[in-house]
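Here is the structure we will look at.
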Number of protein chains: 2
Amino acid sequence: MNEHTRLSWTDVRNRIRARILDRTYAPGDRLPRDEDIARDLGCARATVHRAMQDLAQVGLVARRRKGGTHVLRDPVTRTTVDIPVTRREVETRGETYGYRLVERDIGSAPCEVLARFGLTRPVEMLRVRALHLADARPFIYEDRWVDIRATPEILDVDLARDSANEWLVRNKPYSRVEVRFSAIDADPETAQHLGTATGRAVLVIERTTWIDTAPITSVEAFAAPGYKLVTRG
Amino acid sequence: MNEHTRLSWTDVRNRIRARILDRTYAPGDRLPRDEDIARDLGCARATVHRAMQDLAQVGLVARRRKGGTHVLRDPVTRTTVDIPVTRREVETRGETYGYRLVERDIGSAPCEVLARFGLTRPVEMLRVRALHLADARPFIYEDRWVDIRATPEILDVDLARDSANEWLVRNKPYSRVEVRFSAIDADPETAQHLGTATGRAVLVIERTTWIDTAPITSVEAFAAPGYKLVTRG
DNA sequence: AAGTGGTCTAGACCACCTT
DNA sequence: AGGTGGTCTAGACCACTTG
């Protein structure tokens with residue numbers, strides 16, 4: 001290697017990763033201190049820090065103050081998922097987006113929904129069920145609860161025209177989100193909306209969001225059979 | 001605010017995020033240059049950079065050189081998923097892990113598998129089907145293909161004792177992974193292994209990994225009914 | 001108590017991309 | 001061609017956590 005070329009943090013990351021892959025640093029091992037690695041490679045400590053940040057993010061190493069940096073014994077497969085606004089997802093596929101409000105009413109959220117928010121006392125919420133279409137075919141059916149205390153404005157939105165999905169995403173950025181993936185056998189109602197048979201496998205994407213600790217909304221999105229969710233490269 | 005307290009990058013991030021939430025910076029808007037924000041807040045540009053890095057990571061803003069920083073018009077729900085080694089996942093639940101090899105053989109990978117790897121020519125691979133148990137009940141059934149060219153050592157592993165899942169994770173860290181989630185109706189074989197009925201909804205987690213561009217392995221993990229995958233907080 | 005990673009600053013230069 | 005974010009450096013101090 002050329003002594004005179006400056007190392008970028010990706011160079012440093014690649015070198016360290018290579019040493020992990022070839023077992024120079026084996027699972028469970030403690031890596032040298034950032035400062036020592038920096039001296040060895042001839043770069044600034046901050047550069048090593050940036051590289052390590054990436055390796056930690058990816059789940060290859062864990063870092064603790066005073067404890068040092070360790071190669072994880074049981075690496076996890078860590079990946080990032082982007083869930084776009086449904087309209088955008090449909091349009092990206094080159095299909096025509098459609099939307100239909102199924103039902104809108106206000107009522108006390110069932111305890112299963114309260115549990116998602118971490119609430120213990122009953123709360124009145126807006127419930128919206130709606131169908132998203134791709135080329136006039138059912139694409140995603142959503143069952144959503146909105147906490148009116150934090151988002152009273154949504155009561156004035158014409159949800160027959162604009163989907164709550166879109167309105168919320170545009171008007172209520174969250175600061176925390178929790179997502180769950182599961183598969184269920186379609187109940188008769190869901191099956192009907194999705195234009196499929198009762199009992200068919202449906203992918204469920206459950207999303208709950210907060211601003212700080214204030215609940216905003218919780219949705220179950222039921223995807224039509226054949227739907228796949230792909231992670232970002 | 002106290003002029004004398006130093007701002008941390010999380011402080012800066014929170015302030016900028018607050019301005020996005022309250023529409024000071026509305027969707028589509030261009031934010032001031034990092035340098036200007038830094039001057040306004042009285043901190044170093046690097047601190048603003050660190051804050052922006054976080055906001056971009058979360059999918060609230062997009063940054064381009066010369067283009068500046070923009071509030072995204074269609075924010076995406078971006079989240080991180082950790083998929084642990086199955087044994088660990090079971091143990092974390094406080095249950096007893098069990099493992100059973102179902103079948104192991106070598107053959108030409110079907111084009112569906114080749115497609116996942118981005119391969120066009122047929123390749124001989126090791127195919128391993130195995131069952132992971134939690135408290136002696138079926139937990140995850142996996143159907144895996146391993147590219148022997150990059151991982152010939154696996155041919156010497158006693159897969160009746162040690163799961164390929166575990167061996168690979170420990171011995172073949174990858175540098176790239178792609179994950180897909182979907183739901184299928186259990187075919188008779190899968191249903192049998194999972195101890196459920198044919199046609200029941202099953203969550204499928206498909207993972208394909210590479211070292212650089214060399215294919216390592218591709219698995220379909222079929223989760224027993226009731227399984228949920230949760231994102232990291 | 002002390003070691004290690006985390007952060008902040010100030011300044012410089014670079015690379016990318018829009019105009 | 002020039003503006004903006006991205007990165008690197010060197011040094012200092014801080015905060016967490018372990019021995």
Side-chain angles (χ1 to χ4, degrees), chain A residues 1-17 19-20 25 28-73 78 80 232-233, chain B residues 1-17 19-20 25 28-73 78 80 232-233:
Chain A
M1 284 294 161
N2 188 343
E3 288 288 337
H4 303 286
T5 29
R6 228 192 223 181
L7 288 173
S8 72
W9 70 264
T10 49
D11 294 335
V12 175
R13 178 202 56 193
N14 292 345
R15 289 209 193 178
I16 299 173
R17 185 169 61 199
R19 289 184 193 168
I20 293 175
Y25 306 136
D29 280 3
R30 177 176 180 166
L31 273 63
R33 305 152 51 210
D34 288 8
E35 197 176 334
D36 290 341
I37 294 184
R39 196 169 23 70
D40 282 359
L41 300 180
C43 66
R45 180 162 80 95
T47 306
V48 175
H49 179 73
R50 182 66 184 83
M52 289 296 194
Q53 182 186 336
D54 192 66
L55 293 170
Q57 158 74 29
V58 173
L60 259 187
V61 303
R63 286 159 70 75
R64 282 190 322 258
R65 287 167 161 156
K66 164 88 180 183
T69 305
H70 288 262
V71 181
L72 287 186
R73 280 183 188 287
R78 182 167 299 168
T80 302
R232 311 201 312 147
Chain B
M1 282 294 163
N2 188 343
E3 287 288 335
H4 303 288
T5 29
R6 228 195 226 180
L7 287 173
S8 72
W9 70 263
T10 49
D11 294 335
V12 174
R13 179 203 56 193
N14 291 346
R15 289 211 193 175
I16 299 173
R17 187 171 59 200
R19 290 186 193 168
I20 293 175
Y25 305 137
D29 280 5
R30 177 176 181 165
L31 274 63
R33 304 153 52 211
D34 288 8
E35 197 175 334
D36 291 339
I37 294 184
R39 195 168 24 69
D40 282 358
L41 300 180
C43 66
R45 179 161 79 96
T47 307
V48 175
H49 180 72
R50 182 65 185 84
M52 289 296 194
Q53 182 185 336
D54 192 66
L55 293 171
Q57 157 74 30
V58 172
L60 258 188
V61 304
R63 285 158 72 74
R64 282 187 322 255
R65 287 166 155 145
K66 163 87 182 185
T69 304
H70 288 262
V71 180
L72 286 186
R73 278 182 190 287
R78 182 168 297 168
T80 302
R232 312 201 310 147

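The figures that follow rest on heavy atoms only: side chains count, while hydrogens, waters and symmetry mates do not. Per chain, numbering begins at 1; letters A, B, ... match sequence-line order.
- In the helix from C/dA1-D/dT18 to C/dT18-D/dA1, the terminal helix axes, each the rotation mapping four pairs' C1' atoms onto the next four within five end pairs, subtend 30°, rounded to 10°.
- For B/T69, no side-chain nitrogen or oxygen approaches OP1 or OP2 of D/dT4 to under 4.0 Å.
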Mind listing the N/O atom pairs, protein and nucleotides 13-19 of chain D, below 3.5 Å?
unit_1 : atom_1 : unit_2 : atom_2 : d
D/dC16 : O4'    : A/R65  : NH1    : 3.4
D/dT17 : O4'    : A/R65  : O      : 3.3
D/dT18 : OP1    : A/R64  : NE     : 3.1

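- At D/dG6, none of the side-chain N or O atoms of A/R50 fall inside 4.0 Å of OP1 or OP2 (strictly under the cut-off).
- Residues satisfying the salt bridge (charged side-chain N to carboxylate O under 4.0 Å, His left out) criterion with B/R50, sequence neighbours excluded, are absent altogether.
- Salt bridge A/D29/A/R19: absent, no basic N to carboxylate O contact under 4.0 Å.
- In this structure, B/A46 and B/E35 both approach DNA chain D, and ranking their closest nucleotides by distance from the 5' end singles out B/E35.
- Note: CG (B/L31) to P (D/dT4) measures 13 Å, nearest angstrom.
- Taking only side-chain nitrogens and oxygens, A/T47 never comes nearer than 4.0 Å to OP1 or OP2 of D/dT7.
- Residue-environment remark: CD (A/E35) stays at or below the threshold of 12 foreign heavy atoms within 6.0 Å.
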Residue pair B/M52, B/L55: steps toward the side chain to side chain contact (heavy atoms under 4.5 Å, CB included) verdict: CA-CA 5 Å; B/M52 289 296 194; B/L55 293 171; 4.3 Å; yes

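- A distance of 6.0 Å separates CD in B/Q57 from OG1 in A/T80, rounded to the nearest 0.5 Å.
- For B/H49, a side-chain nitrogen or oxygen approaches OP1 or OP2 of D/dG6 to under 4.0 Å.
- A donor-acceptor distance shorter than 3.5 angstrom exists from the side chain of B/R78 to the backbone of B/A56, with no hydrogens or angles considered.
- Going from atom CH2 of B/W9 over to atom C1' of C/dT7 covers 10 Å, rounded to whole Å.
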